[in-house]
Amino acid sequence: MAIRTARWDDWTLEALLAAKGATTVSLVVPARNEAGTVGEVVGRVRERLVETVELVDEIVVIDSDSTDATYDVAADAGAVVHRSSEIRPDLGTHPGKGEAMWKSQFVTTGEVVVFMDADLVDWDTHFVPGLLGPLLTWPEVQLVKGFYERPGKDGALDGGRVTELVARPVISLLFPELSDLVQPLAGEWAVRRSHFGTLRVPTGYAVEIASLADTVASVGTAGLAQVDLGTRAHSHQALLDLGGMATQILAAALPRAGFDRWDAAAPEHAVLRQFLPGPLPVDRVVQLAERPPAGDLW
Ligand SMILES: O=c1ccn([C@@H]2O[C@H](COP(=O)(O)OP(=O)(O)O)[C@@H](O)[C@H]2O)c(=O)[nH]1
Ligand SMILES: O=C(O)[C@@H](COP(=O)(O)O)O[C@H]1O[C@H](CO)[C@@H](O)[C@H](O)[C@H]1O
């Protein structure tokens with residue numbers, strides 16, 4: 001079955017508010033050193049979708065060991081802010097975006113969870129209702145991905161290096177049923193809490209690809225949908241940093257496709273040797289730990 005595709009304006013706010021009824025919605029923003037942008041993300045959504053219309057019930061920022069003013073900026077903008085390492089300390093702590101999103105399950109209450117990156121520079125609040133459309137009106141859908149044009153300094157297709165060089169080839173070779181997804185790695189997505197709580201979650205950047213592979217494995221493509229959100233631009237990491245992201249994505253995707261070179265004790269990290277100008281290589285330690293389904297720990 002092809003993955004159902006919609007546009008954010010296929011639903012009016014009025015229709016979504018009617019469809020929402022008593023369903024609760026949490027917006028979760030994982031943030032690490034995003035003091036320059038997280039305030040706008042939180043503030044605009046709060047004003048438009050919490051205060052003006054009551055589509056979102058809570059906005060929660062999970063601060064991932066930021067060393068800048070992310071925590072205070074997010075709190076001043078009206079978010080509930082938690083430090084990832086301080087959530088359920090009995091469960092320990094890992095660095096990473098996926099860890100922040102996994103731990104958000106212990107400090108949010110929404111039956112539907114919307115994830116948005118904190119580093120957005122070209123976006124708008126319609127991203128949230130757009131992602132909610134399928135989850136509030138199509139009962140069989142469990143996970144909704146946003147997609148968009150990703151303009152950059154070099155034109156309309158400047159963004160998405162790991163998407164184009166890693167995620168799409170992995171999908172083509174190992175998960176062809178996901179091929180319809182325009183932006184499989186998009187950080188803007190939404191999921192039913194009941195479903196997210198059944199998923200293993202990589203603690204790093206593989207959270208997106210893993211949630212897609214595990215969702216299609218458990219409920220098929222009927223459980224997925226994607227929504228055209230228009231345009232989105234974000235801050236960009238350096239190329240070698242994306243090497244770490246690519247390693248995490250491959251390490252999460254391969255076992256999910258049956259290529260499990262490790263024994264049961266999956267490694268908690270890999271070493272990625274990279275070469276900068278100069279005499280010696282740089283060995284980047286890439287975190288590979290995965291969290292078990294949170295539903296078993298609530
Ligand atoms: O350890 C981390 C790394 C990233 N992030 C957040 O996850 C989102 C996406 O990360 P990033 O911008 O580094 O990835 P990119 O968008 O460049 O692919 C952003 O809101 C980051 O602040 C996080 O919460 N913890
Ligand atoms: O799509 C991609 O290749 C990467 C990197 O984007 P850029 O090459 O820096 O535009 O960004 C994606 O992956 C991240 C990790 O899953 C997400 O957080 C980003 O939202 C997503 O755009």
Side-chain angles (χ1 to χ4, degrees), residues 27-42 59-71 73-74 79 81-85 87 93-104 114-123 127 131 145-171 181-190 201-213 229 231-253 285-287 289:
L27 171 67
V28 172
V29 180
R32 185 172 186 275
N33 293 335
E34 306 291 7
T37 48
V38 69
E40 265 287 287
V41 172
V42 170
I59 300 177
V60 177
V61 170
I62 307 294
D63 180 0
S64 255
D65 310 316
S66 294
T67 54
D68 69 359
T70 292
Y71 188 104
V73 169
V81 191
H82 295 271
R83 290 186 177 83
S84 182
S85 58
I87 300 171
T93 188
H94 293 274
K97 172 187 187 182
E99 171 79 352
M101 294 162 72
W102 183 80
K103 283 215 169 168
S104 75
V114 180
F115 293 112
M116 279 178 69
D117 284 356
D119 64 341
L120 304 182
V121 292
D122 180 1
W123 67 286
F127 281 24
L131 291 167
K145 290 297 293 192
F147 68 90
Y148 22 62
E149 287 188 15
R150 301 177 63 169
K153 62 187 184 324
D154 299 331
L157 262 182
D158 183 44
R161 288 162 290 174
V162 179
T163 295
E164 302 305 336
L165 296 174
V166 179
R168 289 207 211 287
V170 160
I171 286 170
L181 289 174
V182 179
Q183 289 295 342
L185 299 187
E188 288 65 45
W189 55 289
V201 177
T203 53
Y205 286 111
V207 52
E208 275 89 16
I209 197 75
S211 61
L212 291 170
L229 300 176
T231 298
R232 177 260 212 180
H234 64 124
S235 62
H236 298 285
Q237 297 184 57
L239 180 65
L240 293 193
D241 292 334
L242 295 184
M245 179 187 292
T247 304
Q248 290 178 327
I249 287 169
L250 285 168
V285 177
V286 179
Q287 300 301 326

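Since the model is a prediction, treat every value here as computed from it, not as a measurement. Both ligands and their constituent atoms are indexed starting at 1 by order of listing.
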Judged by atom type as modelled, is there a donor-acceptor pair below 3.5 Å linking the side chain of [X] to the main-chain atoms of [Y]?
X	Y	answer
Glu99	Gly204	no
Lys103	Ser84	yes
Thr203	Ala289	yes
Asp68	Thr70	yes
Thr37	Ala118	yes
Arg168	Val182	yes
Ser66	Asn33	yes

Under 4.0 Å, heavy-atom basis, I'd like to know which part of [X] is in contact with ligand 2: side chain, backbone, both or neither.
X	answer
Asp117	side chain
Met245	side chain
Arg232	side chain

Output the list of atoms in ligand 2 that are nearer than 4.0 Å to some heavy atom of [X], sorted by atom number.
X	result
Gly187	19 (C), 20 (O)
Arg150	1 (O), 2 (C), 4 (C), 6 (O), 7 (P), 10 (O), 11 (O), 21 (C), 22 (O)
Lys97	17 (C), 18 (O)
Tyr205	15 (C), 16 (O)
Glu208	15 (C), 16 (O)

So, 4.0 Å and heavy atoms of [X]: is ligand 1 close enough to count as a contact?
X	value
Gly96	yes
Glu34	yes
Ala31	yes
Ser235	yes

So which heavy atom in the protein is nearest [atom], and how far is it from that ligand atom?
atom	value
atom 25 (N) of ligand 1	Ser64 OG, 3.0 Å
atom 18 (O) of ligand 1	Met245 CE, 3.3 Å
atom 6 (C) of ligand 1	Pro30 O, 3.4 Å
atom 2 (C) of ligand 1	Lys97 N, 3.5 Å
atom 4 (C) of ligand 1	Tyr205 OH, 3.6 Å
atom 12 (O) of ligand 1	Asp119 OD2, 2.9 Å
atom 17 (O) of ligand 1	Gln237 NE2, 3.2 Å
atom 16 (O) of ligand 1	His234 ND1, 3.0 Å

* Asked: Can Glu208 and Lys97 be counted as an ion pair, charged N to O under 4.0 angstrom?
  ->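 Judged by the 4.0 Å cut-off on N to carboxylate O distance, Glu208 and Lys97 do form a salt bridge.
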
I'd like to check [X] versus [Y] (side-chain heavy atoms, cut-off strictly below 4.5 Å). Are they in contact?
X	Y	value
Leu120	Arg232	yes
Val166	Arg161	no
Arg83	Asp65	no

* Asked: Given Leu239, Val166, Leu185, Val162, which one has a non-hydrogen atom that is nearest to atom 12 (C) of ligand 2?
  ->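 Checking each option, the heavy atom nearest atom 12 (C) of ligand 2 is found in Leu185.
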
* Asked: Which option, Ala100, Ser84, Ala118, owns the non-hydrogen atom nearest atom 20 (O) of ligand 1?
  ->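 Among Ala100, Ser84, Ala118, the closest heavy atom to atom 20 (O) of ligand 1 comes from Ala118.
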
* Can you tell me how far the CD atom of Glu149 sits from the CG atom of Leu229, to the nearest 0.5 Å? ->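 With rounding to 0.5 Å, CD (Glu149) is 12.0 Å from CG (Leu229).
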
* To do: Before signing off on this row, confirm whether Arg232 and ligand 1 have an N or O atom pair separated by under 3.5 Å.
  =>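 There is no such contact.
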
* Using the six-membered ring wherever Trp is involved, compare the ring planes of Tyr148 and Phe127 and label them parallel, tilted or perpendicular (cut-offs 30° and 60°). =>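 Ring orientation, 0 to 90° scale: parallel.
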
* Contact between Glu164 and ligand 2, counting heavy atoms under 4.0 Å? ->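 In this structure, Glu164 fails to qualify as a contact of ligand 2 - no heavy atom is under 4.0 Å.
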
* To do: Output yes when the distance from some N or O of ligand 2 to some N or O of Thr163 is under 3.5 Å, and no in every other case.
  =>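 Min N/O separation from ligand 2 is below 3.5 Å for Thr163.
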
* Asked: So, is Ser235 polar-close to ligand 2, with some N/O to N/O distance under 3.5 Å?
  ->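 Checking ligand 2 against Ser235, no N or O pair falls under 3.5 Å apart.
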
* Asked: Do you know the tightest heavy-atom contact between Val81 and Ala74?
  ->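 Scanning both residues completely, I find the closest heavy atoms to be CG2-CB, 3.7 Å.
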
* Would you please say whether a donor-acceptor pair under 3.5 Å links the side chains of Gln287 and Tyr205? =>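 Not at all, the side chains of Gln287 and Tyr205 share no donor-acceptor pair under 3.5 Å.
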
